[in-house]
Amino acid sequence: MTTEIDHDTQRGITRLCIQCGLFLLQHGAESALVDELASRLGRALGMDSVEIAISPNAIVLSTIKDEKCITSTRKNADRGINMHVVTEIQHIVIMAEHKLLDARDVAKRFTQIKPLRYPRWLVVMMVGLSCACFCKLNNGGWDGAFVTLCASTIAMYIRQILTHRAMHPQINFCITAFAATTVSGLLLRAPAFSQTSTVAMAASVLLLVPGFPLINAVADMFKGHINTGLARWAIASLLTLATCVGVVMAMTVWGLRGWV
């Protein structure tokens, strides 16, 4: 009877560990952090060791206790970058290590994790302001900053609508880049902006730069997670290519002057 209870307990801890890793991987954490936190959680809950293999689409995790091994596999689905979730998982693991939470408490905390989402209007406004500031800092002038603000704000709004409708990321980026370049390019044709620098056009698509995936890709490859790093690099490259296609399409369709 005791062996059966121990087996069930280990199986429950295995599920918690792989759920921990899956939360992190789904919300943009680098592979080394996923490996570290899942292993720390397992040891904090009484396991002798935790072995984890991370691939771009799945996690395979094994817990070992008294030479008994239980292995579990979960498929990974991207849920968007959200550092709030990553931070919450870190807090839960630290509390488990300090014996403030047991397995049941950890499971309860996991069910209570809700990704923090900022209001759409706030995201749109801040993205527009950040792109406008980049234009101003790169000698685009106040008129260029205004053009960038208008174009990037509209583009971000379109991107949010397409994301909400579960549009494929590459198509989303392509349409958004087309919209941003169209708005900024046509505004630059207006007499009031005839002398405005074309830096405004370049700055209006900065919201589509996949900086976080690229940083994680390099971090993964440097830390030995080659497959995951290459997969993230490929995804970021495809997003960049889709953005370039959207920009070129807009410049071709409307006959816009190029970036100088």
Side-chain angles (χ1 to χ4, degrees), residues 1-117 166 212-213 215-217 219-235:
M1 186 65 179
T2 305
T3 303
E4 184 66 29
I5 294 175
D6 290 344
H7 178 81
D8 290 342
T9 301
Q10 183 177 352
R11 184 168 57 185
I13 293 173
T14 303
R15 289 175 177 172
L16 290 177
C17 291
I18 200 166
Q19 187 179 1
C20 169
L22 197 60
F23 267 130
L24 294 168
L25 196 61
Q26 287 176 338
H27 291 92
E30 62 175 286
S31 299
L33 184 63
V34 176
D35 191 346
E36 177 189 350
L37 290 180
S39 299
R40 286 169 54 186
L41 179 61
R43 291 194 297 269
L45 296 178
M47 296 297 100
D48 294 334
S49 66
V50 177
E51 306 295 335
I52 181 170
I54 302 171
S55 69
N57 298 319
I59 294 180
V60 180
L61 183 142
S62 299
T63 58
I64 302 172
K65 177 64 175 178
D66 297 331
E67 300 183 355
K68 296 176 183 178
C69 177
I70 294 180
T71 301
S72 183
T73 304
R74 293 291 186 276
K75 184 178 180 180
N76 175 46
D78 183 26
R79 299 188 183 278
I81 297 168
N82 196 308
M83 290 298 102
H84 170 72
V85 174
V86 176
T87 304
E88 287 296 310
I89 294 294
Q90 288 177 314
H91 289 165
I92 292 172
V93 172
I94 291 172
M95 293 178 71
E97 287 179 326
H98 287 81
K99 307 303 179 184
L100 299 175
L101 299 176
D102 58 15
R104 183 176 299 178
D105 295 328
V106 171
K108 184 178 179 180
R109 290 293 186 99
F110 280 170
T111 61
Q112 294 174 344
I113 293 178
K114 303 295 181 184
L116 176 64
R117 305 291 185 189
F212 209 94
I215 292 172
N216 277 346
D220 283 351
M221 287 187 282
F222 268 106
K223 296 176 182 179
H225 298 274
I226 304 299
N227 290 338
T228 308
L230 288 175
R232 283 176 165 171
W233 185 280
I235 292 172

Q. I89 and I113: side chain to side chain contact (heavy atoms under 4.5 Å, CB included), yes or no, with the steps?
A. CA-CA 9 Å; I89 294 294; I113 293 178; 3.5 Å; yes
Q.
Testing the basics here: between C20 and V93, what is the closest heavy-atom pair and its distance to 0.1 Å?
A.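 Nearest heavy atoms, C20 then V93: SG-CG2, 4.3 Å.
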Q. Does N216 reach the main-chain N or O of G229 with its side chain, forming a donor-acceptor pair under 3.5 Å?
A.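 Flag not set: sc N216 to bb G229 has no pair under 3.5 Å.
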Q: Go through the structure and list residues passing side chain to side chain donor-acceptor pair (under 3.5 Å) with S49, not counting sequence neighbours.
A: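 Once residues adjacent in sequence are excluded, S49 has no partner under the side chain to side chain donor-acceptor pair (under 3.5 Å) criterion.
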Q.
Please give me the minimum heavy-atom distance between S39 and I52, naming the atom from each residue.
A. OG-CG2, 4.4 Å
**Q.** Note, S72 side chain near L61 side chain (heavy atom, < 4.5 Å)
**A.** no
Q: With sequence neighbours excluded, give me every ring pair (Phe, Tyr, Trp, His ring centres under 6.0 Å) pair touching residues 41-74.
A: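 Matches after skipping sequence neighbours: none remain.
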Q) Going by distance alone, is a donor N or O of one side chain under 3.5 Å from an acceptor N or O of the other, for R11 and T9? A)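 No - no donor-acceptor pair under 3.5 Å links their side chains.
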Q: Return the set of residues passing side-chain contact (heavy atoms from CB on, under 4.5 Å) with A32 (not counting sequence neighbours), or none when no residue passes.
A: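 A32: side-chain contact (heavy atoms from CB on, under 4.5 Å) contacts with E30, K223, H225.
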Q: Give every residue pair that meets the ring pair (Phe, Tyr, Trp, His ring centres under 6.0 Å) criterion with at least one member in residues 75-103, sequence neighbours excluded.
A: none
Q. Under the side chain to side chain contact (heavy atoms under 4.5 Å, CB included) criterion, do L45 and L16 qualify, and how do the steps go?
A. CA-CA 10 Å; L45 296 178; L16 290 177; 4.0 Å; yes
Q: Can you run down the ring pair (Phe, Tyr, Trp, His ring centres under 6.0 Å) pairs that involve residues 34-72, sequence neighbours left out, and say none if there aren't any?
A: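 Counting only pairs at least two positions apart or across chains, no ring pair (Phe, Tyr, Trp, His ring centres under 6.0 Å) contact touches residues 34-72.
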Q: Just jot down the side chain to side chain donor-acceptor pair (under 3.5 Å) partners of E88, sequence neighbours excluded, or say none.
A: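 Not a single residue meets the side chain to side chain donor-acceptor pair (under 3.5 Å) criterion with E88.
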Q. Are side-chain heavy atoms of I54 and L25 found at a separation under 4.5 Å?
A. yes
Q: Give, for atom CD1 of I18 and atom CD1 of I70, the distance between the pair rounded to the nearest 0.5 Å.
A: 12.0 Å
**Q.** 4.5 Å side-chain heavy-atom contact, F212 and M83
**A.**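 They are in side-chain contact.
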Q: Please test N76 against L22 for side chain to side chain contact (heavy atoms under 4.5 Å, CB included), starting from the C-alpha separation and ending with a verdict.
A: CA-CA 7 Å; N76 175 46; L22 197 60; 4.2 Å; yes
Q | Residues in side-chain contact (heavy atoms from CB on, under 4.5 Å) contact with Q112, at least two apart in sequence or another chain | A | K108, R109
Q: State the CD1-CD distance between I81 and Q26, to the nearest 0.5 angstrom.
A: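 One gets 13.5 Å once the value is rounded to the nearest 0.5 Å.
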Q: Say whether, by atom type as modelled, one donor and one acceptor occur between the side chain of K99 and the main chain of A44 under 3.5 angstrom.
A: yes
**Q.** Sidechain-backbone polar pair: N82 side chain, L116 backbone, donor-acceptor under 3.5 Å
**A.**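 Present.
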**Q.** Closest heavy-atom pair and its distance - V50, G42
**A.**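 V50 and G42 have their closest heavy atoms at CG2-CA, 3.7 Å.
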Q. Is the shortest heavy-atom distance from the side chain of I235 to the side chain of P56 under 4.5 Å?
A.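 Counting from C-beta outward, I235 and P56 never come under 4.5 Å.
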Q) Taking only residues two or more places apart in sequence, or in another chain, which ones meet D105 in a side-chain contact (heavy atoms from CB on, under 4.5 Å)? A) L101, D102
Q: Show your reasoning for whether side chain to side chain contact (heavy atoms under 4.5 Å, CB included) applies to Q90 and M95.
A: CA-CA 9 Å; Q90 288 177 314; M95 293 178 71; over 6 Å; no
Q | salt bridge (Lys or Arg N to Asp or Glu O under 4.0 Å) contacts in which one or both residues fall within residues 33-57, not counting sequence neighbours | A | E36-R40, R40-E97, D48-K65
Q: Look only at the side chain of D66 and the backbone of K68, and say whether a donor-acceptor pair between them is shorter than 3.5 Å.
A: no
Q. Only one of I59, V85, L37 forms a side-chain contact (heavy atoms from CB on, under 4.5 Å) with L24, so which one is it?
A.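 Answer to the side-chain contact (heavy atoms from CB on, under 4.5 Å) test with L24 among I59, V85, L37: L37.
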(Q) Would you say that M47 contacts I13 through its side chain, given a criterion of any heavy-atom pair below 4.5 Å between the two side chains? (A) yes
Q | R117 atom CZ, neighbour heavy-atom count above 12 within 6.0 Å | A | yes
(Q) Tell me every residue that passes ring pair (Phe, Tyr, Trp, His ring centres under 6.0 Å) with F110, counting only those two or more places apart in sequence or in another chain. (A) F23
Q: Check side chain to side chain donor-acceptor pair (under 3.5 Å) between T14 and all other residues, then give those that pass, not counting sequence neighbours.
A: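 Residues passing side chain to side chain donor-acceptor pair (under 3.5 Å) with T14: T63.
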Q: For T71, check side-chain contact (heavy atoms from CB on, under 4.5 Å) against everything at least two apart and list the hits.
A: V60, S62, C69
Q) For T228 and D220, does a side-chain donor sit closer than 3.5 Å to a side-chain acceptor? A) no
